[in-house]
Amino acid sequence: MDAREMKIKAAEAALAHVEDGMRLGIGTGSTAEEFVRLLAEKVAGGFRVEGVPTSERTARLCVELGVPLKSLDELPALDLTVDGADEVDPALRLIKGGGGALLREKIVAAASERMIVIADESKLVDTLGAYALPIEVNPFGLVSTRMAIEKVAARLGLSGELSLRQSGDGEFTTDGGHHIIDASFGRIPDAEALSSELNSIPGVVEHGLFINMAALAIIAGPAGARTLQANR
Ligand SMILES: O=C(CO)[C@H](O)[C@H](O)COP(=O)(O)O
């Protein structure tokens, strides 16, 4: 089974949690897109859902495939969000934002009764941090914000390269008009402490640590999909 097939397996298993009439947060990335494709097939067969996309990219795919969309202001409380992740640890702490949508992803997940994460098994780790942590920052005062990130990281015994994400023609810009610093801290032993320290920096708009948000993770490997439950 190749990586795409594993993503499809995870997406299929997540679809089993979606009930007719649900208000759904719809994630971003290649795994979430497999979910959108499967959801669109069900919608074409008469299944009713209303989706809130977590990015312009996801919105475009939903429109193309006929998945009905609403804005989060129109549907401010959602039943379920299904989204991918860059890393998942055994406590279902996540690193997200590889696709640059972490701010809307976190807002949508927080507005949802439940979040289900779907991923292939390469995303499952013992400790978060091998994947560089995306930190969404306001373009104003970028150098000061970067220094503040280095300072809080050092207080927690973390260091590593902070690189401003680039796209083809300059700095990568998120759907909200911000930039992303990818922080290669390596192992993050205390994700909760890093999360609250980063939240205290004014120029940090949001970061990719999702803690106490996912209720279930559906992880697909060559033998099929298995479900991990959060112990809360
Ligand atoms: O957080 C994300 C986007 O901001 C994605 O969920 C994450 O990057 C995983 O993407 P993929 O399913 O393509 O591996």
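Model, not experiment: these values are computed from the prediction. All ligand and atom numbering here is 1-based and tracks the order in the structure.
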Exercise. Can you find an N/O atom of K7 closer than 3.5 Å to an N/O atom of ligand 1?
Worked result: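 No, no N or O pair falls under 3.5 Å.
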Exercise. Based purely on interatomic distance, does A101 place a nitrogen or oxygen under 3.5 Å from a nitrogen or oxygen of ligand 1?
Worked result: yes
For this session: Quick one: look at P134 and ligand 1, take heavy-atom pairs under 4.0 Å, and tell me if it's side chain, backbone, both or neither.
Result: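 The answer is neither; P134 stays 4.0 Å or more away.
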Exercise. Which protein non-hydrogen atom lies closest to atom 10 (O) of ligand 1, naming both residue and atom, and how far is it?
Worked result: G29 CA, 4.0 Å
Exercise. For atom 13 (O) of ligand 1, what's the nearest protein heavy atom and its distance?
Worked result: S30 OG, 2.5 Å
Suppose I only count heavy atoms of [X] and a 4.0 Å limit; which atoms of ligand 1 are within that range?
{"X": "D83", "value": "6 (O)"}
{"X": "D86", "value": "1 (O), 7 (C), 8 (O), 9 (C)"}
{"X": "T28", "value": "2 (C), 3 (C), 5 (C), 6 (O)"}
{"X": "T31", "value": "11 (P), 12 (O)"}
{"X": "A85", "value": "6 (O), 7 (C), 9 (C)"}
{"X": "E105", "value": "1 (O), 2 (C), 3 (C), 4 (O), 6 (O)"}
{"X": "G98", "value": "1 (O), 4 (O), 8 (O)"}
{"X": "G84", "value": "6 (O)"}

Exercise. Pick from K106, H207, H178: which one makes a side chain to side chain donor-acceptor pair (under 3.5 Å) with E136?
Worked result: H178
For this session: Taking atom types as modelled, find out whether T31 and E34 have a side-chain donor-acceptor pair closer than 3.5 angstrom.
Result: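 Looking only at side-chain atoms, E34 and T31 do not form any donor-acceptor pair under 3.5 Å.
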Check this for me, if you would: do [X] and [Y] make a salt bridge, where the nitrogen-to-carboxylate-oxygen distance has to be below 4.0 angstrom?
{"X": "E121", "Y": "R226", "answer": "no"}
{"X": "E33", "Y": "R57", "answer": "yes"}
{"X": "K96", "Y": "D83", "answer": "yes"}

Exercise. Among G27, G100, G97, whose heavy atom sits nearest atom 1 (O) of ligand 1?
Worked result: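 The option holding the nearest heavy atom is G97.
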Exercise. Do you know the tightest heavy-atom contact between E87 and G129?
Worked result: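 Smallest heavy-atom distance, with atoms named: OE1-N, 2.7 Å.
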Problem set entry | K123 to ligand 1, any heavy atom closer than 4.0 Å |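 Yes.
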Exercise. Near K9 NZ, under 6.0 Å, is it more than 12 heavy atoms from other residues, nucleotides or ligands?
Worked result: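 Atom NZ in K9 is not packed in, count stays at 12 or less.
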Problem set entry | Remaining members of hydrophobic cluster (4.5 Å side-chain criterion), V143 |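 Same cluster as V143: M147.
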For this session: Would you please test R155 and E197 for salt bridge (Lys or Arg N to Asp or Glu O under 4.0 Å) and show each step?
Result: CA-CA 9 Å; R155 267 209 301 275; E197 288 282 358; 2.9 Å; yes
Problem set entry | Cluster check L194, I181: I/L/V/M/F/W/Y, side chain < 4.5 angstrom | yes
